[in-house]
Engineer: 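What follows is a single structure, and I will ask about it in a moment.
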Amino acid sequence: MSRLAQTAGLTDIQREILATVRDFVDKEIIPVATELEHRDEYPDRIVEGLKELGLFGLMIPEEYGGLGESLLTYALCVEEIARGWMSVSGIINTHFIVAYMLKQHGTEEQRAAFLPRMAVGEVRGAFSMSEPGLGSDVAAITSKGIRDGDSYVLNGQKMWLTNGGTSSLVAVLCRSDEGHPEGTAPHRSMTTFLVEKEPGFGEVRPGLTIPGKIDKMGYKGVDTTELIMDGLRIPANRVLGGTTGRGFYQMMDGVEVGRVNVAARGCGVAQRAFELGVAYAQQRHTFGKPIAQHQAIQFKLAEMATKVEAAHAMMVNAARKKDSGERNDLEAGMAKYLASEYCKEVVEDAFRIHGGYGFSKEYEIERLYREAPMLLIGEGTAEIQKMIIGRRLLEEYQFQG
């Protein structure tokens, strides 16, 4: 076995793509990731390399200038990139979700307007559901889009936008009461608006402000921001799909594939943590021999490797099920839950193997130790995943009394 997390049944094209991405990660990301992360510096050079590789258009159909690849291919690429630096995988993941939502739910005019430019990274995407007063309770959003002639006027404050500053297209979920009378279920009165803006911070277009980056424990380099709408006017043809009231379902579809990609990120970070741990265990000597020869360390390595393999297998299964056209919310929830939890555990074990040196910023594991917790809450907390899993299991295993 050359390494963990091998994927059976890939085509020659898929293997070629993954080999190219892995080579890029080893040469262009890993050597600079920790330095850039410590400076909280946006990885412009790395992003340009991703553009050249075509990764911004990996799942965008060929008719729009993309590569037309599967969710599985994309998730495996994300796994490789996260192995190098998780923040970089976040830059393309939010872009991917917006492109996916456009492909699945956009009008033909919207797809033609955005997808070709998104495929080459000219337009970069971000999406926005959360608000300061809510987290996973999406139905409680208060941001509103009110019809005014041929436009909508948007007001409200959104939170936790990955790519908030660097993006030029944001899919924003707001409440829209037009055609949805009082008493309508909350999820039936939400609309996704496609908001174009200039990259940067401050007032990026009239009525739209992107404050500075949120200072975070980890997941640095990538810009995470708020979004403030105050009389933001956008044309009516920027309602995703052309019809109001469908935003909740559109966003949940995007989040579902996003959960597969968060699982892939967890797999990638866990793989890197294992690589660091098993290498250090063979270099560090105590009591006259490498610590890898101590049974306690071998047990840790065995558990870490098993968790890496299990999380990878579940992530691959969830991606393949979505690619087959089947419902995969159960599999995506399981994969996201398991991969993020196992990632945290594998990273902590690698941290313990490093001993006191794991606490030093000179060692890469220190960065991974701060990055892993984000996966526990991104795209839905563990508790939300367990709610989804539990409800779906009760659908599948109804007691016949």
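Values in this document were obtained by computation on a predicted structure and should not be read as measured data.
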Engineer: Among Lys300, Lys344, His354, which residue meets the side chain to side chain contact (heavy atoms under 4.5 Å, CB included) test with Asp349?
Structural biologist: Lys300

Engineer: Report yes or no: do Thr142 and Glu131 form a side-chain donor-acceptor pair below 3.5 Å?
Structural biologist: yes

Engineer: Just checking, is any N or O donor in the side chain of Lys216 or Thr224 under 3.5 Å from an acceptor N or O on the other one?
Structural biologist: yes

Engineer: Among Arg367, His38, Glu37, find the one that has a side chain to side chain contact (heavy atoms under 4.5 Å, CB included) with Lys361.
Structural biologist: His38

Engineer: Can you confirm whether more than 12 heavy atoms, excluding those of Glu198, are under 6.0 Å from its CD atom?
Structural biologist: no

Engineer: Does any part of the side chain of Glu226, heavy atoms only, come nearer than 4.5 Å to the side chain of Lys158, both counted from C-beta?
Structural biologist: no

Engineer: Report, as yes or no, whether the 6.0 Å neighbourhood of atom CZ on Arg205 holds more than 12 heavy atoms from other residues, nucleotides or ligands.
Structural biologist: yes

Engineer: My understanding is that only one of Thr209, Thr225, Thr166 makes a side chain to side chain contact (heavy atoms under 4.5 Å, CB included) with Phe201; could you say which?
Structural biologist: Thr225

Engineer: Side chain to side chain contact (heavy atoms under 4.5 Å, CB included) with Cys77: which of Leu72, Leu58, Ile92, Val25?
Structural biologist: Leu58

Engineer: Are Thr34 and Glu364 linked by a side-chain donor-acceptor pair shorter than 3.5 Å?
Structural biologist: no

Engineer: Is the ring pair Tyr369/Phe351 parallel, tilted or perpendicular, if the boundaries are 30 and 60 degrees?
Structural biologist: parallel

Engineer: Crowded around Ile13 CD1? As in, over 12 foreign heavy atoms under 6.0 Å?
Structural biologist: no

Engineer: State, with a plain yes or no, whether a side-chain heavy atom of Leu102 is found less than 4.5 Å away from one of Leu240.
Structural biologist: yes

Engineer: Nearest heavy-atom pair of Pro290 and Gln282: which atoms, and what distance?
Structural biologist: CB-O, 3.9 Å

Engineer: What I want to check is whether the side chains of His312 and Thr7 have a donor and an acceptor closer together than 3.5 Å.
Structural biologist: yes

Engineer: Does the side chain of Glu362 come under 3.5 Å of the side chain of Ser360 through a donor N or O and an acceptor N or O?
Structural biologist: no

Engineer: Does the side chain of Leu276 come within less than 4.5 Å of Leu368's, by heavy atoms?
Structural biologist: yes

